[in-house]
K.L.:
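This structure is in structure tokens; I'll ask about it shortly.
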Amino acid sequence: MSQGQFISHCTADALAGAAQQIKAGRLVAIPTETVYGLGADATNPEAVARIYSVKGRPADHPLIVHLADMQDIEEWAEDIPDFAIDLARSFWPGPMTLILKRSALAKDFITGGQETVGLRVPDHTLALAFLNEFKKIGGKGVAAPSANRFGHVSPTTAVAVHEELGDYLDGDDLILDGGAAKVGVESTIIDCTGTAPRILRPGAVTVEMIEAVTGLKVAEREEVIRVSGSLENHYAPSAQVILDGYPRPGDGLIALASHPTPEGVERLAAPINNEEFARQLYGALREADAQGIDQVIVIQPDGSDIAIAIRDRLGRAAQGR
Ligand code: TXA
Ligand code: MG
């Protein structure tokens with residue numbers, strides 16, 4: 001039986017009720033501007049353990065703690081460098097996760113045993129309202145990975161969350177419907193534990209934006225195995241993803257609108273710019289699977305904006321499951 005109670009009309013009462021539920025140890029899937037997250041009380045080890053079982057994710061992978069307000073980072077982190085404060089002031093609420101030295105509140109079951117913690121204030125009215133309701137009743141933060149099964153494509157709608165996780169959620173768990181995610185790819189993850197910011201996962205907040213705000217040179221990205229999104233075969237649909245190939249009849253095609261659709265090819269998305277590309281990408285990959293398409297050709301967008309994040313995810317999706 002598919003579970004997870006769907007809340008499509010998120011009134012103030014409904015959000016207050018959802019906050020009570022998460023406080024009581026239930027899971028609550030929340031919309032954010034990047035992708036939907038599967039949330040649990042970040043101070044409750046049993047609730048956080050359920051995130052791992054519902055996702056089918058290895059237990060030593062750290063989780064991002066979502067906060068209502070920038071001030072709340074003081075509870076979760078220590079020795080916060082000035083450049084991290086500058087980033088938080090400039091880009092929160094927004095599609096950016098800061099990796100900071102953890103406080104005593106950030107237990108091993110959140111950090112995967114690391115001495116750092118990932119923190120984010122999401123830019124979504126409903127998510128912020130929910131986080132504030134949780135805070136009012138003593139909540140410290142909501143641990144939330146993307147609300148997909150391990151290795152799959154992140155969900156950008158509440159319906160996609162239900163399709164991904166409905167079979168694994170309980171009847172008391174909730175899915176809050178906040179509409180389609182407006183960014184569409186996961187947050188930029190920035191390691192702030194060194195002398196300069198280092199990008200662990202590219203997103204809508206770009207190197208240029210980070211350097212402009214901090215006045216520091218962003219360190220080169222290294223492969224960091226503890227970032228589970230860095231495992232090669234991630235973000236993958238069932239369909240085989242082929243980058244920059246020529247689609248044959250029966251194939252799916254995702255490309256900027258300027259690329260024509262050859263005869264017999266199933267056009268899955270034709271975004272007009274890179275932002276729209278990011279917004280439509282995961283939905284289009286899901287659509288390929290829904291239609292039973294075996295092979296999807298994706299023409300990668302150029303550019304050093306969010307196109308970097310798009311190419312990063314596509315490179316992984318192309319590795320397959
Ligand atoms: O946009 C997002 O970041 C979404 C929404 C829901 O906020 N969340 C998300 O979470 O993408 P998740 O768990 O699917 O990916 C977060 C990545 C993981 O690869 C995790 O390993 C990494 O962040 N991460 C979390 N805490 C970390 C830490 N302390 N050090 C290094 N990497 C960390
Ligand atoms: Mg994820």
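Side-chain atoms are counted along with the backbone in the values below, which use heavy atoms only and exclude waters and symmetry mates. Whatever order the structure lists them in is the order used to number ligands and atoms, beginning at 1. One-based numbering along the sequence shown.
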K.L.:
Any idea which atoms of ligand 1 are less than 4.0 Å away from a heavy-atom of Ser146?
P.N.:
8 (N), 9 (C), 10 (O), 12 (P), 14 (O)
K.L.:
Report yes if the side chains of Val218 and Leu216 come closer than 4.5 Å at any heavy-atom pair, otherwise no.
P.N.:
no
K.L.:
Between Arg248 and Glu263 (salt bridge meaning N to carboxylate O under 4.0 Å), is one present in this structure?
P.N.:
no
K.L.:
Counting from 1, what ligand 1 atoms have a heavy atom of Gly37 closer than 4.0 Å?
P.N.:
6 (C)
K.L.:
Between the side chains of Lys101 and Glu115, is the shortest nitrogen-to-carboxylate-oxygen separation below 4.0 Å, so that they form an ion pair?
P.N.:
no
K.L.:
Return the minimal non-hydrogen interatomic distance between Val153 and Asn148, and the atom names on each side.
P.N.:
O-CB, 3.3 Å
K.L.:
Report the member of Pro62, Pro95, Ala29 with the shortest heavy-atom distance to atom 20 (C) of ligand 1.
P.N.:
Pro62
K.L.:
List ligand 1 atoms under 4.0 Å from Ser187, heavy atoms only on the residue side.
P.N.:
1 (O), 2 (C), 3 (O)
K.L.:
Is there side-chain contact between Gln280 and Glu275, with at least one heavy-atom pair below 4.5 Å?
P.N.:
no
K.L.:
State if Ile99 counts as touching ligand 1 under the rule of any non-hydrogen atom under 4.0 Å.
P.N.:
yes
K.L.:
Contact between Arg201 and ligand 1, counting heavy atoms under 4.0 Å?
P.N.:
yes
K.L.:
With a 4.0 Å cut-off, would you call Asp72 and Lys140 a salt bridge?
P.N.:
no
K.L.:
For ligand 1, note which part of Glu186 has a heavy atom under 4.0 Å away: side chain, backbone, both or neither.
P.N.:
both
K.L.:
Would you check whether Arg120 reaches within less than 4.0 Å of ligand 1, judged by its heavy atoms?
P.N.:
yes
K.L.:
Run the numbers for me: atoms of ligand 1, each under 4.0 Å from some heavy atom of Thr34, listed by number.
P.N.:
1 (O), 2 (C), 4 (C), 5 (C)
K.L.:
Does any N, O or S atom in Ser146 come within less than 2.8 Å of the Mg ion (ligand 2)?
P.N.:
yes
K.L.:
Counting heavy atoms only, which part of Lys101 comes closer than 4.0 Å to ligand 1: side chain, backbone, both or neither?
P.N.:
neither
K.L.:
Quick one: do Arg313 and Glu186 make a salt bridge, cutoff under 4.0 Å?
P.N.:
yes
K.L.:
For ligand 1, which atoms sit closer than 4.0 Å to a heavy atom of Gln114?
P.N.:
28 (C), 30 (N)
K.L.:
Which atom pair, heavy atoms only, marks the closest approach of Gly113 to Arg102?
P.N.:
O-NH2, 4.3 Å
K.L.:
Hey, does Lys55 come in under 3.5 Å of ligand 1, counting only N/O atoms on both sides?
P.N.:
no
K.L.:
Is the closest basic N to carboxylate O distance between Asp170 and Arg26 below 4.0 Å?
P.N.:
no
K.L.:
Please list, in number order, the atoms of ligand 1 under 4.0 Å from a heavy atom of Arg57.
P.N.:
12 (P), 13 (O), 18 (C), 20 (C)
K.L.:
Hydrophobic clusters here meaning ILVMFWY residues chained together by side-chain heavy-atom distances under 4.5 Å, can you tell me if Ile293 and Tyr246 are in one?
P.N.:
no
K.L.:
Taking only heavy atoms of Val117 into account, list the atoms of ligand 1 that are under 4.0 Å away from them.
P.N.:
29 (N)
K.L.:
Check ligand 1 against His66 and write out every atom of the ligand that is under 4.0 Å from a heavy-atom position of the residue.
P.N.:
5 (C), 6 (C), 7 (O)
